[in-house]
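In what follows, chains are A, B, ... by sequence order, proteins preceding strands, each numbered from 1.
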Amino acid sequence: MKLILTFGFSGGTQRMLKRMFGRRDKAPAAAACGGCPLAACATGCEAAVLRMDCEHGEAHRLRGMGLFEGSMVRVLDSRNGMLLEVKGCKLALGQSLASSIQVLPVG
Amino acid sequence: MDATEIGGTIAAPPAPSPAPAAREGALHVALIGNPNTGKSTLFNALTGMRQRVGNYSGVTVERVEGRYRDAEGHPVTVLDLPGTYSLSASSPDEEIALGVLLGRTPGADAPDVVVVVLDAQNLERNLFLATQVLELGLPTVVALNQVDAAAAAGLRIDLVELTLELGAPVVATVATRGEGLEMLKQAVAKAPGLPRPGRRFELPCEAAQALAPVEDALEAGGLTPSAAGMEALRLLAVRQPGRHLAGIAGLDEAVERAHDEIEAAGLSARSLEAEVRYGWIAEVADRVVTRAGGGERTLTDRIDAVALHRVAGPLLFVLMMGIVFQSIFTWAEPLIGIVEGLIGGLGGWVASILPPGDLNSLVVDGAIAGVGSVLVFLPQIVILFLFIGFLEDSGYMARAAFIMDRFMRSVGLHGRSFIPLLSGYACAVPGVMSTRTIESPKDRLATILVLPLMSCSARLPIYALLIGTFIPPIAVAGVFNLQGLTLLAMYLLGTLTALGVAAIFKRTLMRGKARPMIMELPPYRIPNPRSLFLTVGHRASMFLKRAGTLILALSIVLWALATYPKTDAPAGASEQAAQEAQLAGSTLGQLGHAIEPAVRPLGYDWKIGVGIVSSFAAREVFVSTMGTIYGVGAADEGSTSLRERLRGERHARSGALVYTPLVAVGLMVFYVYAMMCMSTAAVVVRETGGGWVGLGWAGFQFAYMLALAYLSALLVYQGGRALGLG
């Protein structure tokens with residue numbers, strides 16, 4: 001199926017399909033090099049936060065909400081922005097913010 | 001003692017120094033806590049109806065203050081600070097919260113006692129803010145709220161141990177049921193006599209050394225040593241002092257130097273505070289919290305499985321919005337009828353007891369009618385805020401914003417802008433007031449500026465009159481009717497323009513990095529009715545106070561314009577003809593004549609000019625002015641005599657028909673865009689900062705909408721004529 005999609009459609013259509021069905025492509029486990037963006041984590045993934053490359057104010061706000069370097073997060077839903085569980089709370093993050101947070105998936 | 005016994009409190013060791021002399025007047029208490037901890041419910045339970053709502057000077061952050069008397073009868077004032085996750089000062093709300101606690105917000109003294117409200121179900125995250133507040137060194141009481149829900153979830157919290165760890169008295173409360181309140185009041189009364197709390201953990205040696213010059217600079221700037229310690233650690237992570245620290249000499253340089261030294265020592269300066277705080281908190285939580293069971297799917301998880309479902313979620317959202325929207329229209333209708341009836345009755349009664357003449361007219365047509373035009377908005381405001389309060393308190397609002405975020409982001413707004421825009425269909429006034437749930441000031445401003453473009457219910461009489469009179473009821477494509485389609489087109493035109501203009505504003509005037517979505521989805525809970533009604537009451541009274549006075553004054557001005565100078569009706573003329581002659585000869589009528597050259601390119605004559613001028617205050621007045629100026633007496637949009645008169649009206653000189661379908665469509669487009677509503681303008685002034693700043697934004701909004709209205713009506717009329725229509 002994937003092959004047909006890859007060869008059968010133009011780049012734009014492929015990108016669109018990838019966005020629609022993209023979560024299947026997401027790596028459930030870490031790349032060996034030590035970390036990936038939080039946005040790349042699939043639903044159900046647990047990860048440790050390594051680095052926060054977002055704006056200082058936002059990073060500090062997130063730390064106040066329990067998301068900080070070294071903390072654990074669980075991805076509850078990765079389709080529509082990111083829905084996370086952090087210290088027992090549900091936290092929704094925008095896609096771009098989730099892309100600027102580097103994590104190490106642990107399971 | 002049961003670890004989570006309600007009202008259990010442990011006094012810290014007796015104070016070494018005598019308690020400070022009782023201050024003159026009331027004890028000032030500030031309430032601070034994370035959002036969704038039940039802080040506002042606790043505030044309402046403590047203070048009841050004795051509350052005052054206002055704004056902090058220069059910002060649109062709401063300032064809610066209340067008071068109560070403690071067991072000995074001493075007065076206590078309570079300031080409900082904005083909910084915040086940390087003292088990071090990264091939003092106006094958080095800046096106010098920190099500024100007040102440090103005594104550096106103008107108009108708000110530093111509190112005598114701080115009450116930190118914690119959600120017992122989320123102790124670890126809530127303790128982050130608590131440790132920051134405790135470090136400020138103010139007398140502090142910790143209210144451990146929602147202990148009942150925590151117990152139900154299998155969490156047991158040892159109050160004795162927590163009190164010893166924090167160095168401040170901890171009181172267990174259930175604010176929704178009023179439990180633990182007396183204990184809390186006692187603890188607050190005793191707090192000033194207890195030893196001051198402070199930092200309970202050690203910083204790494206290198207960091208402590210590097211931060212010493214920052215603390216010195218802060219102390220030289222007037223902060224207490226303990227507050228300086230907390231602020232130094234915060235500045236290391238945020239590196240933006242914020243308004244409350246403006247003007248402290250050498251601060252920025254000291255922070256930069258400390259940052260470099262700490263990085264050079266191999267530590268991460270940005271995450272240092274979070275690491276040491278959460279490290280200490282994790283140890284404390286280990287000692288204090290015992291978990292029994294837990295881990296099973298909660299009710300919130302089960303509701304979210306539907307509410308956030310890929311298909312069911314948006315459907316549920318549309319259903320919810322449908323109910324809200326429908327109720328603002330239909331439920332408010334009978335209530336508006338009652339308000340109008342009461343105002344009409346009052347006017348009739350006053351008219352009958354005052355001698356006929358100008359005073360009678362001033363009181364009845366000016367003052368009472370003006371007050372009435374304010375009061376008719378109340379039903380919609382109350383219903384909308386009941387819904388918004390219910391959705392907010394139940395926890396659904398955050399889900400709705402999450403679901404709508406992607407769509408709203410495509411026009412540059414936040415998910416939270418959706419509900420204010422939607423309520424704009426009913427009335428822009430509550431819509432503008434409800435933008436307070438939008439955190440980013442730029443998003444909020446953009447939403448306020450485009451909100452009146454949504455066709456509100458006050459436009460409906462104008463659409464109904466013009467469509468009913470000039471658009472033929474032709475069937476289109478079998479099932480549709482041209483009249484209905486025209487109405488739909490007007491609503492769509494307003495909506496699409498609002499979204500388009502918002503996108504333009506966000507890319508030009510209100511540009512700036514879009515604030516990414518960071519939102520907690522709190523557990524669902526049943527809203528507390530008492531809190532809900534208090535909130536709705538605040539909104540209603542704020543509207544009446546802020547908008548009411550201004551609208552009353554402008555109504556009287558408008559009345560004077562329509563009444564003077566007097567024109568004597570020719571002898572034997574009917575009452576209607578006399579009214580027509582009076583309006584034509586009044587200042588308002590002269591204004592209509594004066595603007596005729598400006599509106600002639602739109603196809604209008606001076607009578608429509610009068611209608612437009614008179615409806616500057618409230619667009620629905622257009623219909624009744626038309627009734628007066630065409631001499632058909634009291635008219636509404638369904639009045640047949642007015643419709644016939646409009647269809648037959650001809651230009652005085654050329655003899656051509658004044659109204660063609662093209663003129664009617666152009667006039668409707670004009671009213672889709674024109675911001676003709678004093679009430680909305682008054683609320684916009686308030687909500688965009690008040691004073692000259694607010695006036696500036698309201699003026700800008702009025703001007704751009706009027707320009708849009710004029711140009712679009714011009715385009716419709718002249719374009720239509722060029723195409724041979726009309």
Can you list the steps and then say if Leu93(A) with Met519(B) is a side-chain contact (heavy atoms from CB on, under 4.5 Å)? CA-CA 7 Å; Leu93(A) 294 191; Met519(B) 203 163 36; over 6 Å; no
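- Between the Arg270(B) side chain and the His60(A) main chain, no donor and acceptor come within less than 3.5 Å of each other.
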Full working for side-chain contact (heavy atoms from CB on, under 4.5 Å) between Lys90(A) and Glu520(B): CA-CA 6 Å; Lys90(A) 287 184 177 176; Glu520(B) 189 194 356; 5.9 Å; no
For Asn122(B) and Lys87(A), run side-chain contact (heavy atoms from CB on, under 4.5 Å): C-alpha distance rounded to whole Å, both residues' side-chain angles, the deciding distance at 0.1 Å, then the answer. CA-CA 7 Å; Asn122(B) 272 315; Lys87(A) 291 208 181 290; 5.7 Å; no
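- With chain B as partner, the option from Cys54(A), Gly70(A), Gly88(A), Cys89(A) having the largest number of non-hydrogen pairs under 4.5 angstrom is Cys89(A).
- For chain A, no part of Ile281(B) is nearby; none of its heavy atoms comes within less than 4.5 Å.
- Taking every heavy atom of both residues into account, Ala274(B) and Phe68(A) meet most closely at CB-CB, 3.7 Å.
- With a 4.5 Å cut-off on side-chain heavy atoms, Glu275(B) and Glu69(A) count as touching.
- Looking at Tyr278(B), its side chain does come within 3.5 Å of a backbone N or O of Gly66(A) through a donor-acceptor pair.
- Leu521(B) pairs with exactly one of Leu84(A), Leu91(A), Leu83(A), Leu76(A) by the side-chain contact (heavy atoms from CB on, under 4.5 Å) rule, that one being Leu83(A).
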Worked verdict on Ser271(B) versus Arg63(A) for side-chain contact (heavy atoms from CB on, under 4.5 Å): CA-CA 8 Å; Ser271(B) 60; Arg63(A) 292 188 194 113; 4.3 Å; yes
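- Residues Leu97(A) and Met517(B) are not in side-chain contact: their nearest non-hydrogen atoms beyond the backbone lie 4.5 Å or more apart.
- For Ser268(B), no part lies near chain A; criterion is any non-hydrogen pair under 4.5 Å.
- Residues Arg125(B) and Val86(A) form no side-chain contact, since every pair of their non-hydrogen atoms from C-beta on lies 4.5 Å or further apart.
- There is no contact between Asp405(B) and chain A, counting heavy-atom distances below 4.5 Å.
- Closest non-hydrogen pair, Ile518(B) versus Leu62(A), comes out as CG2-CD2, 3.7 Å.
- Nearest heavy-atom pair across Ser86(B) and Gly64(A) is CB-CA, 3.9 Å.
- Residue Glu273(B) touches chain A through its side chain alone, counting heavy-atom pairs closer than 4.5 Å.
- With a threshold of 4.5 angstrom between heavy atoms, Leu129(B) does not approach chain A through any atom at all.
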